[in-house]
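Single-structure report; data block below.
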Amino acid sequence: MPKLTRRKFIAISSLTAGFAIAVQPISAKTITTDRKGIIAGEVKIPVKDGIIPAYRARPTFGKDFPVILVVQEIFGVHAYIQDVCRRLAKLGYLAIAPEMFYRQGDVSKLTDIAEIRKVVSKVPDAQVMSDLDATVAWAMKSAKGDPNKLGITGFCWGGRITWLYSAHNPKVKAGVAWYGRLVGESTALTPKHPVDIATSLQVPILGLYGGKDTGIPLDTVEQMRDRLKGGSTKSEIVVYPDAPHAFHADYRPSYRQTEAEDGWKRLQAWFKENGVA
C-alpha cells in the first residue's frame with residue numbers, strides 16, 4: 001500500500017465499521033457492548049502534521065473522567081478495539097483508541113497478514129509516541145478527561161507500545177500490557193524495546209502473557225521480570241500457562257474465556273489500585 005501523501009492524510013475521515021478483513025471469519029464468541037449510558041463513536045485528533053481518526057467512548061453524563069488510552073493490535077482500530085473502548089466507558093472511563101497506522105496505510109482493508117506487517121513495520125515509535133501525546137492533550141482539552149488520572153492498555157503490537165509509552169510519558173499513572181513483545185532488534189524506527197526500559201521505568205505496568213504464545217518466548221518474559229526487579233514500580237507479569245497469543249481477542253479462535261475474564265478483572269483492579277479510577 002503506498003504511503004499516504006500529506007493531503008490524503010489530512011483528508012482521512014473514517015475508521016472501519018466492522019472487523020479487519022484479514023481476521024475473517026469472526027468467532028461466534030465475539031462480545032458486543034451496547035451504547036446504553038455511554039457516548040461512543042469516531043473523533044478526530046489533531047496531530048503535528050494533520051489529523052488522525054480515533055474511537056472514543058465515555059459515560060453520557062459527568063466530567064473529569066479518568067482516561068485510558070487503548071492501543072490497537074496490528075489490525076487497526078476495528079470492531080474489537082472499539083468494543084474494548086465501550087467496555088471501559090461502561091466502567092466510567094474515557095477510553096480513546098487513536099489509529100496509529102494511517103500515515104502508512106489502512107490495514108483494515110488488507111487480507112494478507114504479510115502485507116499488514118509490511119505496513120506496520122514502517123511505523124516509527126517516535127510517531128506513535130507523538131500521536132499518543134496528542135491524543136492525551138485532546139482528551140484533556142476536548143473530552144472532559146482528568147489530567148491526573150491517565151492510564152494505558154494495549155494488545156499485541158499495542159502491548160509493546162504500552163510499556164514504551166509508559167516510559168515516555170511520566171503523567172501515565174498505570175498501564176496494562178496484553179501479550180506485547182518484550183525483546184527485539186534495535187532499529188532506526190524501533191530503537192528500544194520494553195526490556196531496554198524496564199529498570200528505568202517509573203510507571204507500574206501489569207503484563208498479561210500466555211504460556212503457549214509461540215511468538216513471545218517465555219524466556220523473554222522471564223528476562224523482563226528480572227529487569228523489572230531492578231526498578232521501583234512494583235510492576236507485575238502474569239503468565240497464563242495454557243493460553244496462546246491473543247487470548248483476550250474474543251473475535252478470534254485464540255480467545256480463551258477464562259483467562260480473558262481473569263485478565264479483565266486484573267486490569268480493573270490494577271487501574272484502581274494505581275489511581276486511575
Side-chain angles (χ1 to χ4, degrees), residues 1-12 15 43-55 67-77 81 96-108 116-141 145 147 150-203 205 207 220 224 227 231 233:
M1 181 173 292
K3 188 174 181 178
L4 297 172
T5 65
R6 177 175 170 79
R7 180 177 295 178
K8 289 181 179 178
F9 169 53
I10 293 174
I12 286 172
L15 300 170
V43 295
K44 304 296 186 296
I45 306 294
V47 293
K48 64 181 181 181
D49 53 352
I51 295 172
I52 60 172
Y55 190 86
V67 177
I68 304 294
L69 298 171
V70 179
V71 190
Q72 67 205 54
E73 317 156 295
I74 64 169
F75 303 112
V77 183
I81 297 298
I96 312 174
E99 177 53 79
M100 302 273 84
F101 308 154
Y102 252 80
R103 292 174 187 78
Q104 285 72 33
D106 182 1
V107 295
S108 70
I116 291 174
R117 293 189 186 281
K118 286 182 182 179
V119 173
V120 176
S121 70
K122 298 175 183 177
V123 179
D125 285 346
Q127 172 189 297
V128 175
M129 300 298 115
S130 178
D131 284 355
L132 289 174
D133 284 344
T135 302
V136 172
W138 179 89
M140 307 315 175
K141 181 179 179 180
L150 174 63
I152 183 171
T153 191
F155 304 86
C156 187
W157 183 89
R160 173 182 174 272
I161 295 300
T162 295
W163 291 101
L164 296 180
Y165 189 72
S166 298
H168 165 81
N169 185 351
K171 293 181 180 179
V172 174
K173 292 279 191 179
V176 179
W178 300 78
Y179 33 84
R181 185 163 55 95
L182 299 166
V183 176
E185 180 184 357
S186 177
T187 69
L189 298 185
T190 58
K192 291 186 178 182
H193 296 278
V195 73
D196 301 316
I197 54 86
T199 56
S200 60
L201 188 65
Q202 300 297 309
V203 176
I205 305 296
T220 66
M224 187 68 178
R227 293 283 182 93
T233 65

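If you read the sequence from its start, that first residue is 1, and numbering goes on from there.
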Side chain of [X], backbone of [Y]: donor and acceptor closer than 3.5 Å?
| X | Y | value |
| --- | --- | --- |
| Glu99 | Val77 | yes |
| Asp131 | Val128 | no |
| Thr199 | Gly231 | no |
| Ser108 | Gly76 | no |
| Gln72 | Met100 | yes |
| Ser130 | Gln127 | no |

One pair to check against side-chain contact (heavy atoms from CB on, under 4.5 Å): Ile161 and Met129. What are the steps and the verdict?
CA-CA 9 Å; Ile161 295 300; Met129 300 298 115; 4.1 Å; yes
Please give me the minimum heavy-atom distance between [X] and [Y], naming the atom from each residue.
| X | Y | value |
| --- | --- | --- |
| Ala134 | Pro46 | CB-O, 3.5 Å |
| Pro194 | Leu164 | N-CD2, 3.9 Å |
| Ala188 | Pro191 | O-CD, 4.0 Å |
| Ile152 | Ser166 | CG2-OG, 3.5 Å |
| Asp125 | Thr190 | OD2-CA, 3.3 Å |
| Ala54 | Pro98 | CB-CA, 3.5 Å |

Set out, in order, the CA-CA distance, both residues' side-chain angles and the distance that settles side-chain contact (heavy atoms from CB on, under 4.5 Å) for Leu69 and Val136, then state yes or no.
CA-CA 8 Å; Leu69 298 171; Val136 172; 3.8 Å; yes
Looking at [atom1] of [X] and [atom2] of [Y], how far apart are the two atoms once the value is rounded to the nearest 0.5 Å?
| X | Y | atom1 | atom2 | answer |
| --- | --- | --- | --- | --- |
| Thr187 | His193 | OG1 | NE2 | 6.0 Å |
| Ile74 | Trp157 | CD1 | CH2 | 10.5 Å |
| Thr135 | Ile96 | OG1 | CD1 | 6.5 Å |

With heavy-atom distances below 4.5 Å as the criterion, would you say the side chains of Lys171 and Val67 are in contact?
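No, too far: nothing below the 4.5 Å cut-off.
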How about Ile81 and Tyr55: do any of their side-chain heavy atoms sit closer than 4.5 Å?
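Heavy-atom side-chain distance check fails, nothing below 4.5 Å.
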May I have the list of side-chain donor-acceptor pairs in residues 175-185 shorter than 3.5 Å, sequence neighbours left out?
residue: Trp178; atom: NE1; partner: Thr153; partner atom: OG1; Å: 3.1
residue: Tyr179; atom: OH; partner: His248; partner atom: N; Å: 3.4
residue: Arg181; atom: NH1; partner: Val183; partner atom: O; Å: 3.4

Can you list the steps and then say if Asn169 with Leu132 is a side-chain contact (heavy atoms from CB on, under 4.5 Å)?
CA-CA 9 Å; Asn169 185 351; Leu132 289 174; over 6 Å; no
Stepwise side-chain contact (heavy atoms from CB on, under 4.5 Å) check, Val71 with Tyr165:
CA-CA 10 Å; Val71 190; Tyr165 189 72; over 6 Å; no
Charged N-O contact under 4.0 Å between Lys48 and Asp133:
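No, no charged N to carboxylate O under 4.0 Å.
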